[in-house]
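So the structure is just underneath, and the comments pick up after that.
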Amino acid sequence: MSSDFLTVTSPTGVDVELALAGPGSRAYAFIIDWHIRLLLAVTWFAGTSTLLSRLLRLRTESPAATALIVGLPATLIYFLYHPILELVMRGRTPGKRMAGVRIVNRQGGTPSALAVLIRNAMRLIDCLPALYAVGLCMTIANSQRLRIGDLAAGTLLVHDGDTEARALAQLGSLSLNPTLDASTVALGNDILLRWKELQPDTRRRLTRELLARIAAMGGDAPPSIREDSPDDSALQQQLRHALSGGH
């Protein structure tokens, strides 16, 4: 792994580079999330406190009940905001989504529930002594830009290119060739999806090899352009044509 990217191999055998997020992106996402969870907690606290004081008079008659009903949920909202949303949103929160980042494991996938819980539990250390000073210093000091929570959980924060959404959109745009097997379709879609991310020589080689495989399978694959041709767009269109069966 370089200091700027996490390189992982996709199931189709194509290497993918995920750009690591730095302290600036982390801080931006955290500030947004902090305001959201504080607003939610304060809204609950203020709303239920006012309601109970007017309707049930628990503020004066039962301070313990008031603290339980008003204070406990507000506290849980504040502290469980990150782990719950990161599990539900697959490594994201509203703040991370707005900052264009997400949490991944070392293989580039969605972290497990245990990893998310460990990462968030370590916030108690990362936030010391104030303003996330320890965590910020850690992200500056190590080449992978990890805070202590990431080191403990085996996670990283990367810039989010919404690759899964783009992959689904790419597949949905193709009238798939029924003569092709699933692995061939997946590899072709992966190449098209990451066309701009791949080195020109690499994408040309992979595309020509895949077109040859499709032709050998009896698929409708047009003859490949010359080896020395710089026209990548024509090669890209050939691959689309082959995957769609000419539709």
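Keep in mind it's a predicted model, so treat the numbers as computed, not measured.
- Taking each heavy atom of T139 and P23 in turn, the nearest pair found is OG1-CG, 3.5 Å.
- The two residues A153 and A115 make their nearest non-hydrogen contact at CB-O, 3.2 Å.
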Test salt bridge (Lys or Arg N to Asp or Glu O under 4.0 Å) applied to D4 and R145, step by step
CA-CA 9 Å; D4 296 315; R145 304 173 185 176; 2.8 Å; yes
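- Residues L128 and L146 share a hydrophobic cluster, clusters being chains of Ile/Leu/Val/Met/Phe/Trp/Tyr side chains in contact below 4.5 Å.
- No continuous path of hydrophobic side-chain contacts links L124 to M138 [ILVMFWY only; heavy atoms under 4.5 Å].
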Yes or no on side-chain contact (heavy atoms from CB on, under 4.5 Å) for L235 and L211, after CA distance, side-chain angles and deciding distance?
CA-CA 9 Å; L235 200 58; L211 287 172; 4.0 Å; yes
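- Side chains of R26 and Y132: a donor-acceptor N/O pair is absent below 3.5 angstrom, by distance only.
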Pair L157, K96 - check side-chain contact (heavy atoms from CB on, under 4.5 Å), show working.
CA-CA 10 Å; L157 193 69; K96 289 182 177 66; 4.1 Å; yes
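- Atom CD1 of I77 is separated from atom CG of L40 by 6.0 Å, given to the nearest 0.5 angstrom.
- From L187, atom CG reaches atom CG of L210 across 5.0 Å, with rounding to the nearest 0.5 Å.
- Q236 has its side chain out of reach of T207: every pair of non-hydrogen atoms, C-beta onward, lies at least 4.5 Å apart.
- A donor atom on one side chain and an acceptor atom on the other are found under 3.5 Å apart for R123 and H82.
- In this structure, L206 CG and R204 CZ are separated by 12.0 Å, a value rounded to the nearest 0.5 Å.
- Rounding to the nearest 0.5 Å gives a distance of 7.5 Å between OG1 of T110 and CG of N105.
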Is there a side-chain contact (heavy atoms from CB on, under 4.5 Å) between L156 and L20 once you walk through the steps?
CA-CA 7 Å; L156 304 97; L20 300 176; 3.7 Å; yes
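- One distance of note links CG of D150 with OG1 of T155; it measures 3.5 Å at 0.5 Å rounding.
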Tell me, with the steps shown, if E86 and R102 meet salt bridge (Lys or Arg N to Asp or Glu O under 4.0 Å).
CA-CA 9 Å; E86 286 169 2; R102 63 187 170 102; over 6 Å; no
Kindly indicate, with the supporting measurements, whether the criterion salt bridge (Lys or Arg N to Asp or Glu O under 4.0 Å) is fulfilled by R213 and E209.
CA-CA 6 Å; R213 180 198 297 184; E209 290 176 357; over 6 Å; no
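- Distance OG1/T48 to CG/L72: 11.0 Å, rounded to 0.5 Å.
- Across all their heavy atoms, I36 and P94 have their closest contact at CD1-CB, 3.8 Å.
- None of I118, V88, L117 except one satisfies the side chain to side chain contact (heavy atoms under 4.5 Å, CB included) rule with P83; the exception is L117.
- Each of F45 and L39 belongs to its own hydrophobic cluster when Ile, Leu, Val, Met, Phe, Trp and Tyr are linked at side-chain heavy-atom distances under 4.5 angstrom.
- The minimum heavy-atom distance between A113 and L87, with the atom names listed, is CA-CD2, 3.4 Å.
- Follow the hydrophobic side-chain contacts under 4.5 Å out from L85 and you never reach V101; the two are in separate clusters.
- Judged by distance alone, the side chain of S25 and the main-chain N or O of G22 form no donor-acceptor pair under 3.5 Å.
- Closest heavy-atom contact between P73 and W44: CB-NE1, 3.2 Å.
- In I140, the CD1 atom is crowded: over 12 heavy atoms of neighbouring residues, nucleotides or ligands sit closer than 6.0 Å.
- One hydrophobic cluster holds both V42 and F30 under the rule that ILVMFWY side chains link at heavy-atom gaps under 4.5 Å.
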Using the salt bridge (Lys or Arg N to Asp or Glu O under 4.0 Å) rule, take R97 and D160 through it: C-alpha gap first, then chi angles, then the decisive distance, then the call.
CA-CA 8 Å; R97 184 179 290 277; D160 188 3; 5.7 Å; no
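- Within 6.0 Å of CH2 in W195 there are more than 12 heavy atoms belonging to other residues, nucleotides or ligands.
- Between Y78 and A41, the shortest heavy-atom distance links the atoms CB-CB, 4.3 Å.
- The closest side-chain heavy-atom distance from V116 to I103 is not below 4.5 Å.
- Counting heavy atoms from C-beta on, the side chains of L239 and I191 come closer than 4.5 Å.
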As a quick check of understanding, evaluate side chain to side chain donor-acceptor pair (under 3.5 Å) for W34 and Y81, giving each step before the final call.
CA-CA 9 Å; W34 183 81; Y81 171 92; over 6 Å; no
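- Using modelled atom types, one finds a donor on one side chain and an acceptor on the other under 3.5 Å when comparing D33 with T93.
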